[in-house]
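One-based numbering, in listed order, for ligands and for the atoms of each.
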Amino acid sequence: MGQLEAPAYRAKQLAEALYRQWENDLDEVTTLPKTLREMMISRGFQVGLPRIVESFVSIDGTERYLIATNDGQTVETVWMPDGDGGEAGDGSEAGTDLRRATICVSSQIGCAVNCQFCLTAKLGIIRNLTAGEIAGQVVAVLKRHKVEVGKRRINLVFMGMGEPFLNYDEFMAAVRLLVEEIGIPESRMTVSTSGIVPGILRFAEEKVRPKLAISLNAPNDKARTEIMPITKKWDIAHLIQAVRQVPLRPKEKVTFEYVLLGGLNDRQRDADEVGQVLRKANLPLKVNLIVWNPGPGMHYSMSDPHTVHMFQYRIKYNNIPAYVRRPRGRDIYAACGQLKRTTELVQLG
Ligand code: SAH
Ligand code: SF4
């Protein structure tokens, strides 16, 4: 608040009002003197919680929100009342009777990475979100569900729209806001990246950081390039080399996500090759298998349940823990890789 010539504790009071008391606008922040509030308004400060402008509720309880930004765009955020199954199995749920929920957060509007199976890619990159807009999604959803952090176990996954490591500074600033102002521990956050190596190397230096997930999605560079052209820039070997630089906390594992595309990357020999690559990585890791979620204009198919099961079995056979992520909110386009502005979905679908 240096530019306002107000004491530093005023900034703390403002953060408290927004992030803890969920005040909607400056008028409600009565801990700040009226003169200061008026001065802020006259200088064009825009203070307040992001507004949920539209919500969609799935039959499985998942909710998807469109949250308005100041420039008339919307960002998408997903609330999963009982997690998505993907984070299970690491022992972290043992001994707690707190109900848990997962919020899936966006880091950009659209995405530049162009993965062929992902609906968000079709938007291209529209813009980066600011740290406030990233953290604000969480506050808006907590407020909607009247969640008291501490009374409910909240996990955050940065797996919504966008590539967090292509908006590195704002993303990490949002993480710090969420830890310091809202009180969600970073160990309950997971960031997923398509493999932006310079971002992973910076991440390795962070003192406060979420857990790391890597979207692998293919057993080798050739197959990965077909569906994730970014592989031409950073291949699997360099990607794994970068991941190895991240100092892990005790018991922490790196997640490797693998979207199963029917007949394309879901064969048993693909599973065996993935197993070999990951064994060679020699890291504490686990695999999350995600059955591809369909979207308009994309010509992939979903793997059948037997194939999924066999794939999981072959990975486990290599002594690598493997989980199948339950698809959440597919009917409302809230599942992984389905986030795209609804107006356009209607046109496409
Ligand atoms: N950009 C980051 C995070 C957002 S995408 C990343 O790519 O990792 C989150 C996850 O959803 C990634 O693992 C991605 O591979 C997966 N995904 C994308 N489109 C999907 C789809 N249509 N069905 C299932 N998973 C998808
Ligand atoms: Fe971007 Fe992730 Fe979608 Fe790839 S999968 S286009 S990196 S959001």
Which of the numbered atoms in ligand 1 are under 4.0 angstrom from any heavy atom belonging to [X]?
{"X": "Val259", "value": "15 (O), 16 (C), 17 (N), 24 (C), 25 (N), 26 (C)"}
{"X": "Trp292", "value": "21 (C), 22 (N), 23 (N), 24 (C)"}
{"X": "Gly160", "value": "4 (C)"}
{"X": "Glu257", "value": "10 (C), 13 (O)"}
{"X": "Ile290", "value": "24 (C), 25 (N)"}
{"X": "Thr193", "value": "6 (C), 8 (O)"}
{"X": "Glu163", "value": "1 (N), 2 (C)"}
{"X": "Phe117", "value": "15 (O), 17 (N), 18 (C), 19 (N), 20 (C), 21 (C), 22 (N)"}

(message) If you count heavy atoms of other groups shown closer than 6.0 angstrom to CD of Glu226, is the number above 12?
(response)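 Incorrect, the count does not exceed 12.
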
(message) How about CZ on Arg127, more than 12 heavy atoms from neighbouring residues, nucleotides or ligands closer than 6.0 Å, or not?
(response)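 More than 12 within 6.0 Å, yes.
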
(request) For ligand 2, indicate whether the residue Cys115 contacts it via side chain, backbone, both or neither (heavy-atom separation under 4.0 Å). (result)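 Near ligand 2, Cys115 shows its backbone as well as its side chain.
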
(message) I want to confirm something. Looking only at heavy atoms, which of Pro327, Ser192, Ala213 is nearest to atom 2 (C) of ligand 1?
(response)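 Among Pro327, Ser192, Ala213, the closest heavy atom to atom 2 (C) of ligand 1 belongs to Ser192.
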
(message) Regarding atom 12 (C) of ligand 1: of the candidates Ala112, Ala121, Ser215, Cys118, which has the closest heavy atom?
(response)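 Considering heavy atoms of Ala112, Ala121, Ser215, Cys118, the nearest to atom 12 (C) of ligand 1 sits in Ser215.
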
(request) Please work out whether any backbone atom (N, CA, C, O) or any side-chain heavy atom from C-beta onward of Asn293 is under 4.0 Å from ligand 1, and answer side chain, backbone, both or neither. (result)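 Both backbone and side chain of Asn293 come within 4.0 Å of ligand 1.
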
(request) Report the part of Val113 in contact with ligand 1, treating N, CA, C, O as backbone and CB onward as side chain, heavy atoms under 4.0 Å; options are side chain, backbone, both, neither. (result)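 Under 4.0 Å from ligand 1, Val113 contributes no heavy atoms.
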
Do any N or O atoms from the side chain of [X] and from the backbone of [Y] form a donor-acceptor pair under 3.5 angstrom?
{"X": "Asn265", "Y": "Ala223", "value": "no"}
{"X": "Asn167", "Y": "Pro164", "value": "no"}
{"X": "Arg224", "Y": "Leu216", "value": "yes"}

(message) Connecting only ILVMFWY residues whose side-chain heavy atoms lie within less than 4.5 Å of each other, what is the rest of Tyr313's hydrophobic cluster?
(response)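 Members alongside Tyr313: Met310, Tyr317.
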
What atoms in ligand 2 come closer than 4.0 Å to a heavy atom of [X]?
{"X": "Gly162", "value": "8 (S)"}
{"X": "Ala121", "value": "6 (S)"}
{"X": "Ser194", "value": "7 (S)"}

(message) Taking 2.8 Å as the cut-off, does Cys111 contribute an N, O or S atom near atom 4 (Fe) of ligand 2, distance below it?
(response)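 Not a single backbone or side-chain N, O or S atom of Cys111 is under 2.8 Å from atom 4 (Fe) of ligand 2.
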
(message) Yes or no: does Ser215 have any heavy atom under 4.0 Å from an atom of ligand 2?
(response)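 Checking ligand 2 against Ser215, which is what was asked, there is no heavy-atom contact under 4.0 Å.
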
(message) Run Gln13 and Arg10 through side-chain hydrogen bond (donor to acceptor under 3.5 Å, both in side chains) and show every step you take.
(response) CA-CA 5 Å; Gln13 285 176 323; Arg10 294 292 186 205; 2.8 Å; yes

(message) Suppose we call two aromatic rings close when their centres sit under 6.0 Å apart. Are Trp292 and Tyr300 close by that rule?
(response)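 Between Tyr300 and Trp292, which both carry aromatic rings, the centre distance is below 6.0 Å.
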
(message) Between Thr193 and Glu163, do the side chains contain a donor N or O and an acceptor N or O under 3.5 Å apart?
(response)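 Yes, because at least one side-chain N or O of Glu163 sits under 3.5 Å from a partner of the opposite role on Thr193.
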
(request) Measure the distances from the heavy atoms of Gly195 to every atom of ligand 1 and state whether one is below 4.0 angstrom. (result)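 False for this residue.
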
(request) Assess Gly162 for proximity to ligand 1: is some non-hydrogen atom of it under 4.0 Å away? (result)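 It does; at least one heavy atom falls under 4.0 Å.
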
(request) Identify which one of Arg209, Lys211, Lys286 satisfies the salt bridge (charged side-chain N to carboxylate O under 4.0 Å, His left out) criterion when paired with Glu252. (result)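 Per the salt bridge (charged side-chain N to carboxylate O under 4.0 Å, His left out) rule, the option paired with Glu252 is Arg209, out of Arg209, Lys211, Lys286.
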
(request) For Glu181, check salt bridge (Lys or Arg N to Asp or Glu O under 4.0 Å) against everything at least two apart and list the hits. (result)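 Here the qualifying residues are Lys12.
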
(message) Among Val191, Val175, Ile103, exactly one meets side chain to side chain contact (heavy atoms under 4.5 Å, CB included) together with Leu156. Which residue is that?
(response)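 That would be Ile103; it is the only one of Val191, Val175, Ile103 passing the side chain to side chain contact (heavy atoms under 4.5 Å, CB included) with Leu156.
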
